[in-house]
Amino acid sequence: MKNNGNLICSECGAILERENYHEFEGHIYCEECFNEKTVVCMNCNERIWREDAEGNSNLVLCRHCYDFSYTNCEDCGWLIHNDSAYYLSEEDEYPYCYECYNRRMNYAIKNYSYKPEPIFYGSGNLFFGIELEIDKAGENDNNAQTIIDIANRTYEHIYCKHDGSIDRGFEIVSHPMTLEYHTDKMNWKEVFEKAVDMGYRSHQTDTCGLHIHVSRDAFGKTYEEQENAIGRIVFFVEKHWNEIVKFSRRTQDNLNRWAARYATISATSEETYKKAKDRHMGRYVAVNLENNNTVEFRLFRGTLNYKTFLATLQLVDEICFHAIHMSDYEMENMSWSDFVLRILPKKAELIEYLKQKRLYVNEISNETEEM
């Protein structure tokens, strides 16, 4: 502001000497008022009105830098530059400061998006990765660490993750293992016994499932071979839906929510598979096709019964074996009785479980208690 040729501070009205004033966006200020009314962004050095400043008491930012160059730690809320943000995995969308990231990485129960580089155990091509949900005894880091310590006594076999669908528990995830490794080397029985001892349940909940991921590479060397075999899996599940549902122990409502049927059965596996893919039902289906590297069987209710767990793995192994080694015609014309009678005696847990569920030809027995 000018008065009789003199410069006057727009804020306090002080008369200013011409060599000692500041001008900002059409306003003239003395030194003191200039520093009170404006501030410099500590990221881009642009001067802005103090009332428009973002950030915090330690870091003053213009709106543009705040919106595009900074974020807040998911845990403590601290303002951090995008280049200094840490993420628990490549898929994780939640940023953390360095301190919270280190603390999180040391948690036994990882973030839901946590996905380490897979470690393959056993020899062969057919690997199974387990996702087992357990509930009822709390999302307790100490409990999870106890389970991890048992399972990972010799090698890094499992890790634990948060799962929003579970009320008071967490998810146990295994690295990919062959059926033989799961059966002979991995101490699942000890893991289950400890989980039950701590109060966890899986079958006896409305929240828990047992998901089995099968490596896609097992189904053929080429993409076409893999697609044909996976098509035979989808056909088999659709054709024998009633038997597999009975095996799964899931209720119909539970299946509809977490492992729905494609309901696309046709005369051929090729047409059935095509219809299934055309439905675009996402990942909450009985045979999930959404993953790049695996086919996921989501059908099964969770269990901490060791024999039931092995029987479930053995069933998936049988389905995959037939899908890999049979032609479309053979798979399409195989009855349920044909399927179960092909199972070798070494899969004793599967044969016993099929008998208990009245699914082994016409034999009848009592059902086992699940945990």
Side-chain angles (χ1 to χ4, degrees), residues 108 110 114-134 144-161 170-196 200 202 208-221 226 229-230 233 247 287-288 291-325 342-354 371:
K110 307 299 185 185
Y114 178 76
K115 191 175 182 181
E117 190 70 23
I119 305 170
F120 291 83
Y121 292 97
S123 58
N125 295 319
L126 193 55
F127 291 87
F128 302 99
I130 304 301
E131 294 175 351
L132 174 61
E133 297 161 345
I134 61 175
Q145 190 62 58
T146 297
I147 289 175
I148 290 171
D149 289 343
I150 292 172
N152 294 356
R153 191 175 293 138
T154 54
Y155 299 102
E156 184 184 338
H157 288 138
I158 70 163
Y159 50 95
C160 297
K161 291 169 53 173
F170 50 88
E171 182 178 62
I172 301 171
V173 184
S174 83
H175 286 279
M177 306 174 189
T178 61
L179 176 62
E180 289 72 23
Y181 196 97
H182 276 293
T183 304
D184 301 332
K185 300 289 183 64
M186 176 60 198
N187 57 336
W188 283 115
K189 190 172 189 292
E190 189 179 357
V191 169
F192 295 165
E193 288 173 349
K194 174 53 70 173
V196 171
Y200 288 101
S202 192
C208 295
L210 167 59
H211 306 159
I212 301 175
H213 287 261
V214 186
S215 50
R216 187 184 178 98
D217 288 345
F219 299 115
K221 294 181 179 180
Q226 293 171 4
I230 295 168
I233 289 173
F247 187 103
V287 181
N288 174 23
N291 301 308
N292 292 328
N293 299 316
T294 66
V295 175
E296 180 187 16
F297 289 76
R298 295 180 54 89
L299 281 152
F300 309 107
R301 191 167 183 163
T303 184
L304 289 170
N305 182 306
Y306 178 62
K307 285 188 175 182
T308 302
F309 173 79
L310 284 187
T312 305
L313 269 177
Q314 290 167 0
L315 176 70
V316 173
D317 181 74
E318 281 291 312
I319 294 172
C320 293
F321 178 84
H322 285 78
I324 292 167
H325 295 285
R342 288 171 176 267
I343 300 171
L344 297 178
K346 66 179 181 179
K347 289 182 177 174
E349 291 82 8
L350 175 57
I351 293 173
E352 179 185 351
Y353 187 82
L354 289 168
M371 304 299 289

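If you're wondering where the values come from, they're calculated on a predicted model, not measured in any experiment. Starting from 1, each residue takes its place in the sequence as its number. Heavy atoms only: backbone and side chains are in, while hydrogens, waters and symmetry mates are out.
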Approximate separation, where rounding is to 0.5 Å, of [X] [atom1] and [Y] [atom2]:
X	Y	atom1	atom2	value
Leu315	Ile343	CG	CD1	7.0 Å
Asn305	Lys189	CG	NZ	10.0 Å
Met186	Thr178	CE	OG1	12.5 Å

Residue pair [X] / [Y], side-chain heavy-atom distance below 4.5 Å:
X	Y	value
Ile147	Phe170	yes
Arg216	Ile230	yes
Phe192	Leu132	yes
His211	Glu133	yes
Ile148	Gln145	yes
Thr183	Glu349	no
Phe219	Ile233	yes
Tyr159	Asn152	no

- Option among Leu310, Ile130, Ile150 that satisfies the side-chain contact (heavy atoms from CB on, under 4.5 Å) test with Trp188: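 Passing option: Ile130.
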Expected output: side-chain [X] to main-chain [Y] donor-acceptor under 3.5 Å:
X	Y	value
Asn293	Ser215	no
Tyr200	Lys194	no
Glu296	His213	no
Tyr121	Glu156	yes
His182	Phe128	yes
Asn187	Glu190	no

- Task: Give the C-alpha distance, both sets of side-chain angles, the deciding distance and a yes or no for side chain to side chain contact (heavy atoms under 4.5 Å, CB included) between Leu350 and Asp317.
- Result: CA-CA 11 Å; Leu350 175 57; Asp317 181 74; over 6 Å; no
Which atom of [X] lies closest to which atom of [Y], heavy atoms considered:
X	Y	value
Pro116	His175	CG-CE1, 4.1 Å
Asn125	Ala218	O-CB, 3.3 Å
Ser202	Ile134	CB-CG2, 4.4 Å

- Answer yes or no: are there more than 12 heavy-atom neighbours, outside Asp149 itself, under 6.0 Å from its atom CG? yes
- Give a yes or no on this: more than 12 heavy atoms of other residues, nucleotides or ligands lie within 6.0 Å of atom CZ of Phe321. no
- Item | Distance-only side-chain donor-acceptor flag, His157 / Tyr181, under 3.5 Å | yes
